[in-house]
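Note: hydrogens, waters and symmetry copies are ignored here, and every other heavy atom, side chains too, is used. Because the structure is a prediction, the values reported are computed rather than measured. Here is the naming used below: chain letters follow the sequence lines, and residue numbers restart at 1 for every chain.
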Amino acid sequence: MTTTRRREPAPRYDAAAVEPAIYERWLASGAFAPAVSAPRGARRFVITMPPPNVTGALHIGHALTVIVEDVMIRYHRMRGDDTLWVPGVDHASIGAQFVLDKIIAEEGESRATLGRERYLERMWQFMDSTRDVIGLQLRRLGASADWGRNRFTLDEQSARAVRVAFKRLWDAGLVYRGEALITWCPRCRTTISDLETIHRDETGTLWTIRYALADGDGSISVATTRPETLLGDVAVAVHPEDHRYRALVGREAVLPFLGRRLPIIADAAVQREFGSGAVKITPAHDPNDYAMAKRHELAAINVLDEEARMNENAGEFAGLDRYAARQEIVERLRASGDLQAEQSHQMVVGRCERCGTVVEPRLSVQWFIRVKPLAERALASVTQGRTAIMPPHLAKVYAHWLENILDWAVGRQLWWGHRIPAWFCPDGHVTVSDAAEGPHACAECGRPAGELNQETDIFDTWFSSALWPFSTLGWPDETPDMARFYPTTVMETGYDILFFWVARMMMMGLFCTDVEPFRIVYLHGLVRASGGVKMSKTKGNVVDPLDLVDEIGADALRFALTIGTSPGHDQRLTQAKVDGARNFANKLWNVARFVLGSQPDSGATPSGDASVAERWIRSRLAEVVERSTAQLEALDLAGYAATAHEFAWSDYADWFVEMAKVELRREGASQGERARVWATLAGTLGDLLRLLHPLMPFITEEIWSVLRDAAPSLTDGEELLLTAPWPTPGPRDASAESEVSALTALIRDVRNLRSESGVAAGTWLPLFVAVTGDAQRSAIERGIGYLEPMARVRPVQFATSDQRPALVAATPLGAAWLGVEAAEVAAGVAAGVEHDSSERRARRVVELRAAIDRLRTLLGNASFVERAPVTVVGKERARLAELEAQLRQLR
RNA sequence: GGGCGAUUGGCUCAGUCGGUUAGAGCGCACGGUUCACAUCCGUGAGGUCACUGGUUCGAAUCCAGUAUCGCCCACCA
């Protein structure tokens, strides 16, 4: 469906009818890609888009990301900066396998039945169907990314970057392999990082279990929340200064079921107050115990397999699931009388962020990256200001994490991802190679490649993500893109992945390229549902951005999310906000309809001096352009949105258009004068469209195309608003601003008077005006033309300051007086005031009478004031004092 | 246990360097049948700026403390 130039555009803006064709025009223009070479003297502005997960459906968080970035990108493109926005998708190892596992389960298959190779084939096949989906969805939001540079974290360029980066780390001695207790998800069957573990307070049970002493003389009791792990116990520990147990240290306890002898050791890490004061030591399944076992040179015994079932070390319990084993063990201990206590217990439980399964500490051999030296540089970059974090307070959070960082366990026992480029030779040598085909021979003993076996672990997804800002530009090659666009300008992403991603990009960026990968980190917040609660599928309060696009249009969604965004702070997306945004789009549509529909047919050359209203709107525009520009430069997008919104609705539509109507419809206006007013109307609209384009690209582009046809000279003949220049602020006009602000205040006062006194809407009010000087006189005279139709008053008399004004209306001019004379109006006012029974009215009557009394005194002309009943406009007491002061001056 | 953020009309949020009468949108009340728009226009009511103390000629804003809510980090079995 193509949009046509309807002669009579619909009164309601229909986004769905307009948006798709416009996006096609943008794409066809090729303007999303930067020019072949950078414009001379241009600033660089580059964003690498955070790659959404390849399997993920678009959610509101993606929408916020892409909208915020698109606003920045479009602004800089219009500024003429050398602008690039690189899009891409992430292979998301765990996430993708989680999704695919579910799919193949429905087909009756599993990882085990398919095997690695067929599983990966199946995954690539699945990718074919999902890989482009999210990009297409982002386009519906208007994302003006350079799709020609679209990238995938698992494509060959990325693979190469991963190999080279890892090889360099290896060569620098920053990679090691070692046994460690890592966090394991028994359902995903892989290592996960602490960051991927959700720690929550949960209620569990604390069991107290009696272990007999080996010499048959007494027993010692230990407390545990995980009785099944006792099968892996290697010792019992007490505090060295705990007098209760001093005699037992050095003796042995007997492990139930297995009969293993457990030395009773003393270690200061034991908390005397907790439980019985004695703790079982299970090095393979608890980090504290592991550390303690190392201190006491005790071996670890692993009793769980990769799916958290008891393994062969668990004796008769082998094969049981951990929870089944727990129950069985508790029952048996209870039966034997060795279960001494059982109490409900508040504890912290770690669960896999992906699947919610309770994680297990697991002893295994892992690849680690020694991150301390990398972290130090990453920290210095921020503390020394080479990279700024917005909001600034998150820099402290960033610093705290980097200062306490632990080595990065970078291997994952998964299949979908970059396989670690390390080969083992039968003699145990390790060869790391960055060649696509792997090493030719063992680096240490020279055995041929055929005898080497590659590591089966893959990299943590975040390893390839950490290289993203430069792997997307061709690194490790010194490509033209690297030279021209790196380092990037802004890294815009959610604060929830500050550690996962941002910190790691900083570390790897500095290590690989010796420069900070971006100048500014802009961290947006979460989009929450109405009550401030998180959106979640289980709560059913998830807002689908594409539904909103269908409903209100991409522009309105963009406006709604931008007006609420502030770095580091969450925002709520409420129906009211959505409605407001839709209404704003509609307002723009209609004001444009008016402007385009009011073009004089004469084709006359504009003539005459600009009216005060014209001078005013130009001056306002100048200010607004200046402010918006400053706000966009400072990445204050919400401020920019508010500035532009206020100007469009209040200044332009509510005031200037109304004033322009007066001028366009004034009898006796020449064709040239009308043409001039229209040119201001349309020209201002043109600049407003430029101003709003980064925020609401579709509707502004659509209006632009019509405006361009109607008035090519006003739009500089620019074919596409997308690439039209950002407006430059013109000169301010202080006198026009003060005249119009006086005028609008006067109009408001008259409307107030009418509203408060109940004078019928259609009634003309006579107006007396007294002025204190020529400047004000001419200001009022210029304004009178607008005052008549806009306030429904008719000037009856001009008075100079020595004449007595009748009734009072305060305005910033300080000397405009409004008089109501007509008998019927007076009666109406009196009746309205006297007979209203409400308390508020009653209070007002008192105040009005007081005001009248004072005016009487001041004016010294009681009869005149009585004849023309007085209503004081405005804000009662303070205002009245002001009036009195002015009156005194007048006399 | 540490750290961070928030607290401004009924709701959602602005508020610049400390400076005149603290703003906006929504909601509410009242009024509006004119050819851009009722997804509209006009007018109005409504705020002790969480609390306490301090600095200052002057505090929503700076400092200290308190409260409530939220988030992040942290190995007590």
[X] [atom1] - [N] [atom2] separation (whole Å):
X        : N     : atom1 : atom2 : answer
A:Ile198 : B:A74 : CD1   : P     : 12 Å
A:Ile699 : B:A36 : CD1   : P     : 18 Å
A:Asn583 : B:G27 : CG    : C1'   : 14 Å
A:Phe500 : B:C73 : CZ    : C1'   : 13 Å
A:Arg362 : B:C75 : CZ    : C1'   : 20 Å
A:Lys577 : B:G27 : NZ    : P     : 15 Å
A:Leu206 : B:C76 : CG    : P     : 14 Å
A:Leu561 : B:U12 : CG    : P     : 18 Å

Selection: residues 392-403 of chain A, any non-hydrogen atom under 4.0 Å of RNA chain B: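 Within residues 392-403 of chain A, the residues near RNA chain B are A:His393, A:His400.
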
Under 4.0 Å between a side-chain nitrogen and a carboxylate oxygen: does that hold for A:Arg666 and A:Glu663?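 A salt bridge is absent here (no side-chain N lies under 4.0 Å from a carboxylate O).
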
Indicate yes or no: does A:Glu646 engage A:Arg627 in a salt bridge with an N to O separation below 4.0 Å.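 Salt bridge flag = no for A:Arg627 with A:Glu646.
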
With rounding to whole Å, what would you report as the distance between [N] and [M] at their [atom1] atoms?
N     : M     : atom1 : value
B:U61 : B:A22 : C1'   : 11 Å
B:G9  : B:A14 : C1'   : 14 Å
B:C17 : B:C63 : P     : 14 Å
B:G42 : B:U33 : P     : 16 Å
B:G46 : B:G53 : C1'   : 30 Å
B:C71 : B:C26 : C1'   : 28 Å
B:C69 : B:G23 : C1'   : 25 Å
B:U52 : B:C57 : P     : 23 Å

Strictly under 6.0 Å, is that where the ring centroids of A:Phe274 and A:His345 end up?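 Ring centres of A:His345 and A:Phe274 closer than 6.0 Å.
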
Cation-aromatic face contact A:Lys587/A:Tyr13, 6.0 Å, 45 degrees: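 Relative to the ring axis of A:Tyr13, which defines the angle, A:Lys587 lies outside at least one limit.
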
A:Arg12 charged N/C atom sitting above A:Trp589 aromatic ring, 6.0 Å / 45°: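 No, cation not above the ring by the 6.0 Å, 45° rule.
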
Taking N or O atoms only and anything under 3.5 Å, show me the protein contacts with nucleotides 9-11 of chain B, one pair per line.
none

Can you tell which of [options] lies closest to the side chain of [X]?
X        : options             : answer
A:Phe274 : B:U12, B:G42, B:A77 : B:A77
A:Ser566 : B:A14, B:A77, B:C41 : B:A14
A:Arg665 : B:A77, B:A36, B:A6  : B:A36
A:Val657 : B:C40, B:A36, B:A77 : B:A36
A:Phe499 : B:C41, B:C72, B:C76 : B:C72
A:Pro11  : B:C37, B:U39, B:A77 : B:C37
A:Val279 : B:C75, B:A77, B:A36 : B:A77
A:Arg582 : B:A36, B:U39, B:A77 : B:U39
A:Asn288 : B:C40, B:C75, B:A77 : B:C75

Which sits closer to the 5' end of RNA chain B, A:Thr224 or A:Ala642, going by the nucleotide each is nearest to?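 Of the two residues, A:Ala642 wins.
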
Assign each of A:Gly275 and A:Trp649 to its nearest nucleotide of RNA chain B by heavy atoms, then name whichever residue's nucleotide is nearer the 5' end.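 The 5'-side residue here is A:Trp649.
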
Can you tell me which stems involve RNA chain B, if a stem is defined as three or more consecutive Watson-Crick or G-U wobble pairs, both distances under 3.5 Å?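 B:1-7 with B:67-73, B:10-13 with B:23-26, B:28-32 with B:40-44, B:50-54 with B:62-66 - these are the stems of 3 or more pairs that involve RNA chain B.
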
Among A:Arg326, A:Arg322, A:His285, whose side chain to side chain donor-acceptor pair (under 3.5 Å) with A:Glu228 holds?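 The residue from A:Arg326, A:Arg322, A:His285 that satisfies side chain to side chain donor-acceptor pair (under 3.5 Å) with A:Glu228 turns out to be A:Arg326.
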
Donor-acceptor pair (no angle test) under 3.5 Å: A:Glu658 side chain, B:A36 base: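 Answer is yes: a donor-acceptor pair is held.
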
Name each donor-acceptor pair under 3.5 Å that joins a side chain in residues 560-567 of chain A to protein atoms two or more places apart or in another chain, with its distance.
unit_1   : atom_1 : unit_2   : atom_2 : d
A:Thr562 : OG1    : A:Arg558 : O      : 2.7

When we call it a touch if two heavy atoms are under 4.0 Å apart, what does [X] touch: a base, just sugar-phosphate, or nothing?
X        : value
A:Ala269 : nothing
A:His199 : nothing
A:Asp654 : sugar-phosphate

Could you report the tightest heavy-atom contact between [X] and [Y], atom names first, then the distance?
X        : Y        : answer
A:Gly350 : A:Thr197 : CA-CG2, 3.8 Å
A:Ala613 : A:Tyr786 : CB-OH, 3.2 Å
A:Val543 : A:Ile60  : O-CB, 4.0 Å

In 5'-to-3' order, the base (B), backbone-only (S) or no-contact (-) status of each nucleotide in nucleotides 63-71 of chain B, using a 4.0 angstrom heavy-atom cut-off, is ---------

Considering residues at least two apart in sequence or located in another chain, which fulfil the ring pair (Phe, Tyr, Trp, His ring centres under 6.0 Å) criterion with [X]?
X        : value
A:His524 : none
A:Phe500 : A:Trp462
A:Phe559 : A:Phe584, A:His645
A:His199 : none

What pairs with A:Gln346 under side-chain hydrogen bond (donor to acceptor under 3.5 Å, both in side chains), at least two apart in sequence or on another chain?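 Checked A:Gln346 against side-chain hydrogen bond (donor to acceptor under 3.5 Å, both in side chains); matches are A:Thr203.
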
Apply salt bridge (Lys or Arg N to Asp or Glu O under 4.0 Å) to A:Arg295 and list each qualifying residue two or more places apart in sequence or on a separate chain.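 A:Arg295: salt bridge (Lys or Arg N to Asp or Glu O under 4.0 Å) contacts with A:Asp267.
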
May I ask you to verify if any side-chain N or O of A:Asn404 is less than 4.0 angstrom from the OP1 or OP2 atom of B:A74?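 Looking at the OP1 and OP2 atoms of B:A74, neither is under 4.0 Å from any side-chain N or O of A:Asn404.
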
Mind jotting down which residue pairs meet the salt bridge (charged side-chain N to carboxylate O under 4.0 Å, His left out) criterion with at least one end in residues 567-577 of chain A? Sequence neighbours excluded, please.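 Every pair satisfying salt bridge (charged side-chain N to carboxylate O under 4.0 Å, His left out) with a residue in residues 567-577 of chain A: A:Arg528-A:Asp570.
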
